[in-house]
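These notes are about the structure you will find just below.
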Amino acid sequence: MSNFHLEPRPSGAIQKAAEQSLPVTGTEPAGFFTQLKGFWVTFSTMFKKPNTIEYPEVKPEVAPGFHGRHQLNRYEDGLEKCIGCELCAWACPADAIYVEGENNSEGNQISPGERYAKVYQINYLRCIFCGLCIEACPTRALTMTNEYEIADDTREKLIWEKGDLLAPLRAGMLMPPHPMYPESDHHNYYRNEIRESHPSQDTTGGGQSR
Amino acid sequence: MSTQELAIDTTVEMITLTIDGFEVSVPKGTLVIRAAEKLGIQIPRFCDHPLLDPVGACRQCLVEIEVNGRKFPKPQASCTIPVEPGMIVNTQLTSAVADKAQQGVMELLLINHPLDCAVCDKGGECPLQNQAMSNGGEESRFEGTKRTFEKPISISSQVLLDRERCILCARCTRFSEEIAGDPFITLNERGALQQVGIYEKEPFESYFSGNTVQICPVGALTGASYRFRARPFDLISTPSACEHCASGCDMRTDVRRGKTLRRLAGDDASVNEEWNCDKGRWAFKYVNANDRITTPLIRDEGGRLREASWPEALALAAKGLKENRSAVLVGGRVTLEDAYGYSKFARVALKTNDIDFRSRVTSKEERNFLASHVVGTQINYRDLDKADQIVLLGFEAEEESPIVFLRLYKQVRKRELKITAVAPFASRGNKKLKAELIATQAGSEASAISKISNLSNKSVILIGERLSESTGAISAAVTLATSSGAKLAWIPRRAGERGALEAGAIPNLLPGARPVSDSVARVDLQAAWGVSGLPSNPGLDSDEILKEVERGSIRALLVGGVDPLDISPDYQTIMEKAFVVSLEIRHSAVTQIANVVFPVAAVVEKSGTFINWESRGRFFEAAVPDSLSRSDVRILSMLADEMDSSINLPTVSSARDEFNSLGTWHHRESFTPVSGISPSIASDKANLCSWRLLLDAGSLQDGENNLAGTAHPSVAMISKNRADALDVNDGELIRISTSRGQITLPCQIDQIEDGSVWVPRNSANSKVIESLGITSGEVSVVKA
C-alpha cells in the first residue's frame with residue numbers, strides 16, 4: 001500500500017482554535033511578517049508596466065488568426081465569390097447561418113457560374129466564432145476578419161445581412177451585377193486568373209468605382 | 001415484375017440461394033440485387049430501379065456469382081441476373097474481388113463527373129455522393145481533363161439537364177418509355193460523348209416528367225422551380241396527399257421556413273407506386289399567391305370588401321344565413337372532414353338538403369347513380385391490374401386521372417390489356433393505351449355504350465364525371481355492368497369529390513351513404529347527431545340552386561372552394577341577388593360577389609383526408625404547422641354556434657372521428673334508368689365536345705410558370721372532311737361560336753368523328769364555359 005496520505009494540514013489559527021475548542025472566526029490576527037509579505041506584492045507592482053488596455057480609446061491589436069466577424073469576399077473584378085451553396089450553414093454547429101441560393105441570369109450576374117446567394121445572413125447572437133464555416137467554404141468566399149466590435153443593443157441588428165458582410169469594392173472592382181470577364185468561365189475565376197475587371201464588364205457605362 | 005407483385009401470387013415457385021453465407025428463399029425471377037435487399041445487404045446501384053426493367057447500364061452492382069459449383073469468370077451485375085437454385089453470391093462484403101470491381105466502376109463513373117456538388121441541387125441527398133463515400137476508393141488516379149458540356153440545357157420548361165453530371169444510368173429514358181409512354185428523351189451519341197437528349201421536333205411535354213428528376217441518381221436532371229432553392233437539411237418533410245385529382249397519390253411535402261419548396265411522389269405500391277404527375281409535383285405555388293385572404297372580410301355599404309374581426313364577420317354571416325332560405329355549394333376540392341362539416345352544417349344549422357359538391361354539369365341521373373352504385377362501394381387499382389378489359393366512358397385517363405392512366409399503361413405494356421374508349425376521337429392518351437375507339441358524338445354516348453359487348457365479371461367500367469353531361473349514358477353503363485357482371489367505378493376529376501359524396505354533401509344523401517329518402521336512415525342520423533329533426537325532402541342540385549337564387553326563393557348561399565363558372569356562365573348576375581358567405585383561400589370570382597369572406601387554410605396548412613376514386617382514405621397532416629389559417633370545418637362550427645344550432649365540430653380530428661363513428665348505411669337508393677336522347681345538330685353546325693387538360697388554366701396551377709410551359713397548346717380539333725369544307729389547313733385559325741360568344745383557335749386536323757369539334761375546356765385562349773356558355777352541344781364553326 002502506499003504511504004500517501006491525503007490529510008489536510010490545518011493552519012496555525014485553526015489548530016490553535018481547535019486546541020482551545022473555540023470557533024474559527026477568520027478574524028484571528030496574522031503575524032507581522034505575514035502582513036509585510038502581502039504589502040510587498042502591492043508595493044512592487046507600483047514599479048511594473050501596467051497591463052491595462054484603454055479600450056475603447058485604444059484598440060488592441062489581435063493575433064492574425066483571430067476569429068472576428070465574417071466577410072464575404074469578391075473576385076478581383078468585383079463579382080462575389082459566394083455561390084450560395086449553404087455548406088457554411090451545413091457546417092455551422094450553432095445554426096447561425098441562413099442562405100438562400102438563386103440562379104445567376106443574364107443581366108443579373110452576381111457571382112461567376114450559375115448560382116449566387118440571394119439571401120445570406122449570419123446571426124451573431126448564435127455565432128460561436130468557431131470558424132467551421134470558413135473551413136467548409138469551397139470558394140474561399142467566407143473568411144473571418146480581425147474585427148471584433150459586433151456588440152449591439154437589439155436582436156435584429158445582430159442578424160447581419162449579406163450587404164453588411166460583403167467586402168468593400170477595391171480599386172479595379174465593379175459592383176455586381178455585371179457579366180463575367182470576357183472569354184472566361186467559372187474555372188478561370190476559381191483558379192484566380194481574373195486579376196481585375198475588364199472595361200466591357202461595366203454595363204452601367206459610368207465606371208462606378210474604377 | 002417486382003418481388004412484391006410476385007409475392008402476392010402464392011402459386012409462385014420459391015428459389016433458395018446463398019448470399020454472403022446467408023440462405024434466402026425468394027420467388028423465381030427475382031433479381032440477385034433484390035434478394036440481397038431481402039437479407040438487408042445493400043449492393044450499391046444507380047441504374048437499378050424496382051419498377052423499371054433491368055438494364056445493367058451503370059455496372060456499379062458487380063458481385064461474384066457461383067452457380068452449380070462454377071464461378072462466373074468475372075464479377076456480374078446483380079441487377080440483371082435472376083436468382084437460380086443453389087446460387088452462391090458474394091457481395092462486396094465478403095468478396096475482395098467484388099469490392100475492388102465496385103471501387104473501380106465508381107472511379108470510372110467519377111472521371112467525368114464534375115466536382116460541383118456545392119452548386120448541385122442533389123448535393124446532400126445524392127446516391128452518387130453517398131455511394132462514392134460507402135463503396136468508392138479514396139483517391140482518383142485520373143489526371144486528365146474532365147469532359148464538359150454546356151450547362152444546363154432545358155429539356156422542358158420544368159426540367160433542366162446538366163449533361164456532364166449524367167452517369168448514363170438510363171433511368172429517365174426507361175421511365176419515359178416504360179412507365180409514362182412518352183419516349184421523348186433518349187440516349188444520343190456513343191462512348192464518352194453519350195448524353196441524354198430530346199427529339200428536337202417533339203418537345204418533352206410529358207405529364208410525368210417530374211418523376212425523371214426524382215429518380216435521377218445524380219444531379220443531372222433537376223427541376224427548374226426548385227433549382228438552388230434549398231439543401232436537404234433545410235427542409236422539413238411531411239407525408240401528405242395530393243389535392244389535385246382523385247387518383248389519390250401519396251406525396252411528400254418539403255417546407256422551408258413555412259414555405260413549400262417542393263413536393264415529391266410518395267412510395268405507395270398500391271396506389272401511385274413511386275410516381276406522380278407534374279401537376280401534383282409542381283402546382284403548389286397558389287398557396288403563396290399574393291391574393292391570399294388572411295382576415296375575415298365583409299362588404300360595407302359602399303360595396304367594397306373591408307377587413308373585419310372574426311366576431312363581427314361571424315355575426316353578420318350567421319344573421320344572413322339564418323334569416324334567409326339558404327343553400328350550400330361545396331365544390332370538389334374540400335377534404336372529407338370539411339365536406340362533412342358542410343354537410344352537417346346544411347342539415348343542422350340551415351335545415352336544408354340543398355347542398356351539392358358537384359360544381360359542374362350535373363343531372364338527376366348522376367346523383368341517383370352516385371347514391372345507388374358509387375357511395376360506400378370499393379374498387380381499387382388492383383382490380384385494374386387484374387382486369388381482362390377496361391372501358392373508359394366520359395373519361396380521359398391521362399388528362400383527368402393520370403395515375404389511373406399509368407396503371408392502365410403498365411398493364412397494356414405488360415400484357416396487352418384491352419381498353420375500349422367511348423370518345424369522339426382517339427386522344428394522345430388513348431393512342432398510348434392502344435384503346436379500341438368507339439367514336440361517338442357528345443350526347444350520343446348512351447347508344448355507343450349499348451353497342452359494347454364481350455365484357456366479363458373481370459372487366460372494369462371506368463366512368464368519368466363528364467358522362468353526366470350526356471343524358472342516359474350513365475344508365476346505359478349501369479345496364480352494361482349489370483348484364484355483363486363487370487365492375488363499375490366512378491372517377492371524378494377533383495380530389496375531394498368522392499369524400500364529399502361519402503360525407504353526404506349532395507342533395508339526396510346524408511353522411512355515411514344514408515339516403516335522404518330513407519326515414520330509418522334519417523332517424524339513425526338524428527340520434528347520432530342528437531337533433532330533433534332532419535329535412536326529409538331531397539334537395540336541389542347545384543344548377544337548380546342557382547336557378548332558385550335567380551328566381552329569388554333562395555336568398556343566401558354558403559360557398560366553399562367553388563369556381564362558380566363551372567356551374568353557370570351567368571353566375572355573376574345570379575349570385576349578386578343572394579347573400580353570399582364565402583370560405584376561400586384566395587380572392588376568387590365568389591369573393592368578388594360575397595358579402596362575408598372567411599379565410600381558410602390551404603391543403604399544406606391543414607390536416608385532413610381525401611378519399612380517392614377507390615374509396616381509399618388518404619390522411620395527411622399539416623405540412624406548415626404554424627399557419628394561422630383554419631380548416632373550413634372549424635369555421636363552420638363557429639358559424640353554427642353563432643346561429644345557435646351547434647354542429648360541435650371544433651377540430652378536424654373531431655369531424656373525422658364523428659364521421660367514422662357514423663359508419664356506412666346498408667341500404668342504397670334504387671337506380672332508375674333514364675333513356676338516352678341523341679342530340680339533334682343542324683347540318684351546317686358542329687357538335688362541340690370538350691374536356692379539361694391536365695395542365696390548363698385551373699386556379700390551383702396559378703403561379704407556376706415552368707409548369708404552364710409544358711401545357712399542351714390549345715387547338716381545336718376537326719375532321720379532314722370538315723377542314724375541306726371550311727377550306728382550312730392544319731394550324732390555321734378557326735372560330736367556334738354560339739350565341740353567347742366565340743373561341744378562335746388554330747385547328748388540328750385529326751381523325752375525329754365528322755360531326756364533332758373538340759376544344760380544351762379551360763385552357764389558354766379556350767375558356768369554353770365563359771366564352772360559349774356550354775360544355776357540349778351545337779356550335780357553328782367557321783374559318784377565322
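Here the structure is a predicted model, which means the values were calculated and not measured. Proteins get letters first, then strands, A, B, ... in listed order; numbering begins at 1 in each.
- Residues from residues 48-71 of chain A never place a non-hydrogen atom less than 4.5 Å from a non-hydrogen atom of chain B.
- Other residues, nucleotides and ligands contribute only 12 or fewer heavy atoms inside 6.0 Å of the CZ atom of Arg141(B).
- Taking every heavy atom of both residues into account, Arg256(B) and Tyr98(A) meet most closely at NH2-CE1, 3.4 Å.
- The environment of Lys146(B) atom NZ is dense: over 12 non-hydrogen atoms of other residues, nucleotides or ligands sit within 6.0 angstrom.
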Worked verdict on Asp116(B) versus Arg115(A) for side-chain contact (heavy atoms from CB on, under 4.5 Å): CA-CA 11 Å; Asp116(B) 60 357; Arg115(A) 178 169 174 154; over 6 Å; no
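- Listed in order of number, the residues of residues 100-112 of chain A that approach chain B to under 4.5 Å between heavy atoms are Glu100(A), Gly101(A), Glu102(A), Asn103(A).
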Criterion side-chain contact (heavy atoms from CB on, under 4.5 Å) on Phe228(B) and Glu114(A), from CA distance to verdict: CA-CA 9 Å; Phe228(B) 303 158; Glu114(A) 290 179 84; 3.8 Å; yes
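- Within a 6.0 Å sphere centred on CD1 of Ile111(B), other residues, nucleotides and ligands contribute more than 12 heavy atoms.
- Among the residues in residues 72-93 of chain A, those with a non-hydrogen atom closer than 4.5 angstrom to a non-hydrogen atom of chain B are Ile83(A), Cys85(A), Glu86(A), Leu87(A), Ala89(A), Trp90(A).
- Near-neighbour residues of residues 127-157 of chain A relative to chain B, defined by a heavy atom under 4.5 Å from a heavy atom of that chain, comprise Pro138(A).
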